[in-house]
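All residue numbers in this chain count up from 1 along the given sequence.
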Amino acid sequence: MDQQDKDTGSARNRTVVERKGDRELVVTRTFDAPPGVVYRAWSQPELFRRWWMPRSVSGVALVACDMDVRTGGKYRLEFSAGDAGTMAFYGKYLEVVPNERIVWTNDEGEAGAITTVTFEEQDGKTLLRFHEAYPSEAALEEALQGSAAGLPEQLDQLEELLAGGGG
């Protein structure tokens with residue numbers, strides 16, 4: 001097992017990124033907000049679009065965010081990439097338990113993972129656990145070089161949103 005700690009945000013709320021075996025990635029972070037508030041930031045499009053796109057990725061913007069966050073619902077995120085056109089990410093929600101758990105597919109290709117996010121209450125705070133299970137080791141490696149690399153920054157942005165009362 002490889003483990004990589006990312007000191008992001010405040011020291012007490014750091015993001016921990018762990019590779020579990022050949023096909024799994026686990027990211028954890030504690031937020032100074034109750035689970036219902038953190039859950040809303042993941043499940044309401046108007047909040048989600050405010051923190052999801054890492055600011056360090058220049059030239060790419062989230063231009064469409066359609067989310068039907070319920071078991072059996074679907075989502076579609078569309079990003080503009082300047083001259084490169086647009087990219088779309090989409091899938092369906094396999095399980096949604098408000099304030100506790102969201103499980104979704106990433107259907108944009110054969111390398112798509114199953115993502116599970118849990119929101120665990122801990123003394124008025126939320127322990128967020130982001131788990132992705134990939135269909136192959138190669139798919140995990142690709143994610144570690146791409147979208148997964150931005151997760152600590154994204155969670156920093158989520159923390160900023162929550163601290164500003166936007167959650």
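- The other members of the hydrophobic cluster of L94, by chain and number, are V103, I114 (side-chain heavy atoms under 4.5 Å, ILVMFWY only).
- A heavy-atom distance below 4.5 Å is not found between the side chains of L128 and T30.
- Judged purely by atom type and a 3.5 angstrom limit, T86 has no side-chain atom pairing as donor or acceptor with the backbone of S80.
- Taking the side chain to side chain donor-acceptor pair (under 3.5 Å) definition, one finds that R101 meets it with E95, sequence neighbours left out.
- Under the 4.5 Å side-chain heavy-atom criterion for Ile, Leu, Val, Met, Phe, Trp and Tyr, M87 and L62 are members of the same hydrophobic cluster.
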Q.
With side-chain contact (heavy atoms from CB on, under 4.5 Å) as the criterion, how do V60 and M53 come out once you've worked through the C-alpha distance, each side chain's angles and the decisive distance to 0.1 Å?
A. CA-CA 8 Å; V60 178; M53 186 65 209; 3.6 Å; yes
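- The distance from the CZ atom of R40 to the CG atom of N99 is 8.0 Å, given to the nearest 0.5 Å.
- A side-chain donor from one of Q122 and E120 sits under 3.5 Å from a side-chain acceptor of the other.
- Every residue two or more places apart in sequence or in another chain was checked for a side chain to side chain donor-acceptor pair (under 3.5 Å) with E121, and none qualifies.
- In this view, T71 satisfies the side chain to side chain donor-acceptor pair (under 3.5 Å) rule with no residue, not counting sequence neighbours.
- Pairing each heavy atom of T126 with each of A33, the nearest pair is OG1-O, 2.6 Å.
- Put simply, the side chain of F119 does not reach to within 4.5 Å of the side chain of V97, judged on heavy atoms.
- Applying the side-chain contact (heavy atoms from CB on, under 4.5 Å) rule to A138 yields the partners S136; only residues at least two apart in sequence or on another chain are considered.
- In this structure, the side chain of E153 engages the main chain of R55 through a donor-acceptor pair within 3.5 Å.
- Placement of V57 and L77 within a single hydrophobic cluster is found when ILVMFWY residues are connected by side-chain heavy-atom separations under 4.5 Å, directly or transitively.
- Applying the under-4.5 Å side-chain rule to Ile, Leu, Val, Met, Phe, Trp and Tyr, the cluster around L127 consists of that residue alone.
- For Y134, there are no ring-ring contact (aromatic ring centres under 6.0 Å, His included) partners, not counting sequence neighbours.
- Not counting sequence neighbours, the partners of Q154 by the side-chain contact (heavy atoms from CB on, under 4.5 Å) test are W51, W52, P54, L151.
- The side chain to side chain donor-acceptor pair (under 3.5 Å) check on S58 picks up nothing, with sequence neighbours excluded.
- Here the side chains of E159 and F31 are in contact, with some heavy-atom distance below 4.5 Å.
- Residues A64 and R49 come closest through the heavy atom pair N-NH2, 4.0 Å.
- Taking every heavy atom of both residues into account, L161 and A41 meet most closely at CD2-CB, 4.2 Å.
- Applying the salt bridge (Lys or Arg N to Asp or Glu O under 4.0 Å) test to pairs two or more places apart or on separate chains, those with a residue in residues 126-137 are R19-E137.
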Q: Kindly determine whether D32 and L162 satisfy side-chain contact (heavy atoms from CB on, under 4.5 Å), including the steps that lead there.
A: CA-CA 8 Å; D32 292 329; L162 297 173; over 6 Å; no
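- In this structure, the side chains of D107 and K74 stay at 4.5 Å or more apart for every pair of heavy atoms.
- We find the CD-CZ distance between Q44 and R50 to be 10.5 Å, quoted to the nearest 0.5 Å.
- Contact of the F130 side chain with the V26 side chain is not registered, since no non-hydrogen atoms from C-beta on lie closer than 4.5 Å.
- By the side-chain contact (heavy atoms from CB on, under 4.5 Å) test, P135 is found to be paired with A139, residues two or more places apart in sequence or in another chain being considered.
- A113 approaches N106 most closely through the heavy-atom pair O-ND2, 2.8 Å.
- With values rounded to the nearest 0.5 angstrom, R14 atom CZ is found 14.0 Å from L155 atom CG.
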Q | Trace of the side-chain contact (heavy atoms from CB on, under 4.5 Å) decision for V27 with V16 | A | CA-CA 5 Å; V27 179; V16 177; over 6 Å; no
(Q) Test side-chain contact (heavy atoms from CB on, under 4.5 Å) on F48 and S43; report intermediate values, then the result. (A) CA-CA 7 Å; F48 186 84; S43 60; over 6 Å; no
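- Residues Y75 and Y90 place their aromatic rings such that the two centres sit no closer than 6.0 Å.
- The line from CD of E78 to CZ of F89 is 11.0 Å long, rounded to the nearest 0.5 Å.
- Residues G21 and L140 share a closest heavy-atom pair of O-CD2, 4.3 Å.
- Contact of the W104 side chain with the V117 side chain is registered, since non-hydrogen atoms from C-beta on lie closer than 4.5 Å.
- The salt bridge (charged side-chain N to carboxylate O under 4.0 Å, His left out) search around R70 returns D68, not counting sequence neighbours.
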Q: Walk me through it: do R76 and D66 pass the test salt bridge (Lys or Arg N to Asp or Glu O under 4.0 Å)?
A: CA-CA 5 Å; R76 185 174 194 281; D66 300 315; 5.6 Å; no
